[in-house]
There are 2 protein chains.
Amino acid sequence: MSRITIKDVAELADVSPATVSRVLNHGPTVAEDLRDRVMAAIRQLGYRPNSQARFLRTRATTVLGLIISDITNPFFTSMVRGAEDAASKAGYSVVLANTDEDLDKERRYIEVAAAENMAGVILSPASATRTSIELLLERGVPVVTVDRRLQTAKVDRVGVNNVRAAQEAVIRLVDQGCRRIGFIAGPAEVTTAADRLSGYKHGLRASGLPFSRELVVRGDYRIEGGRAAAATLMRLDPRPDALFVSNNLMTLGAVMTLRDLGLSYPSDIKLAAFDDMSWTLGLSDTMTLISQPTYEIGRQACELLLRRIAGERFPPRHVVLGATLD
Amino acid sequence: MSRITIKDVAELADVSPATVSRVLNHGPTVAEDLRDRVMAAIRQLGYRPNSQARFLRTRATTVLGLIISDITNPFFTSMVRGAEDAASKAGYSVVLANTDEDLDKERRYIEVAAAENMAGVILSPASATRTSIELLLERGVPVVTVDRRLQTAKVDRVGVNNVRAAQEAVIRLVDQGCRRIGFIAGPAEVTTAADRLSGYKHGLRASGLPFSRELVVRGDYRIEGGRAAAATLMRLDPRPDALFVSNNLMTLGAVMTLRDLGLSYPSDIKLAAFDDMSWTLGLSDTMTLISQPTYEIGRQACELLLRRIAGERFPPRHVVLGATLD
DNA sequence: CGGTTGCTAGAAATCGATTTCCGATAAAGT
DNA sequence: ACTTTATCGGAAATCGATTTCTAGCAACCG
């Protein structure tokens, strides 16, 4: 409950608060013995500067916000680690917030980040058009988006080329003999969903296959959505000979549906999906997987953010990393 | 980049800053028309109080810290949600930090929580003996631990009775005919690991089976650790007829090992494990699972924390929720 | 030897809010 | 009608740090 302030330290060391501050910050202009006395007093009292008070004067914090849509998703977990590693190397800490793809929650956490004057924010926006980051931008808090783009503001973004990756996966399926490829798309508001759908269409065109509306069903990027979407697709007549699912959790759902129907892959139906799924142990061994360099996405996003925080000015940058098909 | 302060609002509304503050906080003692003018000015300028400055005066924040050992683990994910729901109901926000079971990282985030003067902290300590929370306690920041206990300080804790749950699972395995039950334990520093090991021993004793040192191998609560531990156990001669794994991620590893050896469960060997694993789709259908009410753990931990924050004083409380065997 | 330069360290202003204290005004009581 | 009381709102102090400004002192130079 104690409140040890710079003044207490100053008194004990018999110097002025200004000197204590100098010892802690821009060091050199303080005499050896004073410096020692101050350090001793600090240790003795267990003094820690009040970061709020410090901020009031300096406007500098060392906490980054990482606002993501679903911490359940291993995709994001590895990204968090990449960001944390880059941040701690630079002396910053990362706090996480989970939005659950919920715009209200997202707005609340953006408010928190702004109110706490975080040094910068890495965001995977729940919506390209309805997520608003002006609260941050108008306060000068830099923002970098990961995975998804944002249409409401021009900010840096780190991700992969979703269009191309999706296209390649479709071509791969066609090479395996598929002709009727069902696509489980993501939420309409998310740019990755749109990009992947667009890649799906490109892939069909490139393969000379027709695009059919009925073969596309939207899900919510969660397990349940994938399950329902797959069920819808599998009721079609004739039924698809392949499913292409646009994220990992929905793929789990789709596999559940296939099980329920007694279908196995790849014998009865081929599967392709976005994102790493190695944690499912074998479920994904026999499907085409598009994996993204998630750790690297987090790392680079954080480094970009740190450069913005340091004050570098350059046009909004899109870092596009390679996704791999395997 | 703009800095809109209470002074700007006061000027525009042609009142004093004190009045603006009164409008925002303890309302009633301010006249209708002034109140309206102030509100209009606030809206017009998009004013938001600087929370650091406010804190300096009031010493009250509305951010809770949730410091957990592994956000990858679905166990914690659901807990986070429980805590978030309880917190937001009370007007608090939750920020997460991920320690990766790493004591250094953990210490860093405890420092962050203290430096940021978070209102309270929910912690799943990486070590019962080496995790130090005095930084928080001496500043009056209440702490509640979840899942694991802490030996370095007497604080509230919410979790399940790990000893009993483990014991029951062992008895269940014995009922299924198992006589040589291998146990994959968790890290020595974590209380849940010790409790579960102890429950395993109790279960054996209650079933009249001998305890054998060689049947216990320690893992690190991660996939790799489970894999290695299972491999060690399966090299024993005679090999175990059951494996009891003390958390979900290690169970994944153990299953990987069994696959590699060409063994299937429950025909060749029986499995029991702690924690929900429904996200593994079928992997866990045929094993004995001890599931914990994770959402509820998070919710109750948060409510306990909020009571402490509100200043309630009562002896450190241990809330023990029921784990279920299925 | 006097005056200038160069440091060091303290006093005081400052950041942006809240809150205490107090004066002014209006309402109420005699 | 005049004093007393209540209420409202402004001036100023405060929270805990940083930073500017300045005084004091020593060293250096001509």
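Numbered from 1 within each chain, the chains take letters A, B, ... in sequence-line order. Values below: every heavy atom of this structure, side chains too, minus hydrogens, waters and symmetry copies.
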Asker: Of A:Ala53 and B:Asp14, whose nearest nucleotide on DNA chain D comes first from the 5' end?
Answerer: B:Asp14

Asker: Enter the inter-axis angle for the ends of the helix from C:dC1-D:dG30 to C:dT30-D:dA1 (five pairs per end, rounded to 10°).
Answerer: 50°

Asker: Picking from D:dT19, D:dA17, C:dT19, which would you name as closest to the side chain of A:Ser21?
Answerer: D:dT19

Asker: Let me see the working for A:Glu11 and A:Lys7 under salt bridge (Lys or Arg N to Asp or Glu O under 4.0 Å), right down to the final yes or no.
Answerer: CA-CA 6 Å; A:Glu11 258 162 47; A:Lys7 226 168 152 181; 5.9 Å; no

Asker: Looking at B:Ser21 and B:Pro17, would you say the former's side chain and the latter's main chain have a donor-acceptor pair under 3.5 Å?
Answerer: no

Asker: Side-chain N or O of A:Asn50 versus OP1/OP2 of D:dC15: is the shortest distance under 4.0 Å?
Answerer: no

Asker: Return the residues of residues 56-65 of chain B meeting this criterion: a heavy atom under 4.0 Å from some atom of DNA chain C. Order them by number, or give none.
Answerer: B:Leu56, B:Arg57, B:Thr58

Asker: By nearest atom, which of the nucleotides D:dT18, C:dT18, C:dA9 is closest to the A:Arg22 side chain?
Answerer: C:dA9

Asker: Please pick, from C:dA17, D:dG9, C:dG10, the nucleotide with the shortest atom-to-atom distance to any side-chain atom of B:Pro49.
Answerer: C:dA17

Asker: If you look at every heavy atom in B:Arg48 and A:Arg139, which pair is closest and at what distance?
Answerer: CB-NH2, 3.0 Å

Asker: Report yes if a side-chain nitrogen or oxygen of A:Thr19 is closer than 4.0 Å to either non-bridging phosphate oxygen (OP1 or OP2) of C:dG10; otherwise report no.
Answerer: yes

Asker: With a non-hydrogen cut-off below 4.0 angstrom, is B:Val15 in contact with a base, only sugar-phosphate, or nothing?
Answerer: sugar-phosphate

Asker: Say you draw a straight line from OG1 of A:Thr129 to CD of A:Glu189; how long is it, rounded to the nearest 0.5 Å?
Answerer: 5.0 Å

Asker: B:Asp156 side chain to B:Arg317 main-chain N or O, any donor-acceptor pair under 3.5 Å?
Answerer: yes

Asker: Atom CZ of B:Phe55 and atom P of C:dG16: how far apart are they, to the nearest Å?
Answerer: 18 Å

Asker: Strictly below 4.0 Å: does A:Tyr47 bring a side-chain N or O up to OP1 or OP2 of D:dA17?
Answerer: yes

Asker: Over how many whole Å does the gap from A:Ile42 atom CD1 to D:dA17 atom P extend?
Answerer: 10 Å

Asker: Using the rule side chain to side chain donor-acceptor pair (under 3.5 Å), only one of B:Asp70, B:Thr192, B:Asn73 pairs with B:Tyr221; which is it?
Answerer: B:Thr192

Asker: If you assign B:Ala18 and A:Ala18 each to the DNA chain C nucleotide with the nearest heavy atom, which residue ends up on the more 5' nucleotide?
Answerer: A:Ala18

Asker: Are any of B:Ser16's side-chain N or O atoms less than 4.0 Å away from OP1 or OP2 of D:dG10?
Answerer: yes

Asker: Kindly indicate whether the side chain of B:Thr131, heavy atoms from C-beta on, has any atom under 4.5 Å from the side chain of B:Leu123.
Answerer: yes

Asker: For the side chain of A:Arg157 and the backbone of A:Val144, is there at least one donor-acceptor N/O pair under 3.5 Å apart?
Answerer: no

Asker: Measuring from B:Leu321:CG to B:Arg299:CZ, what's the distance to the nearest 0.5 Å?
Answerer: 9.5 Å

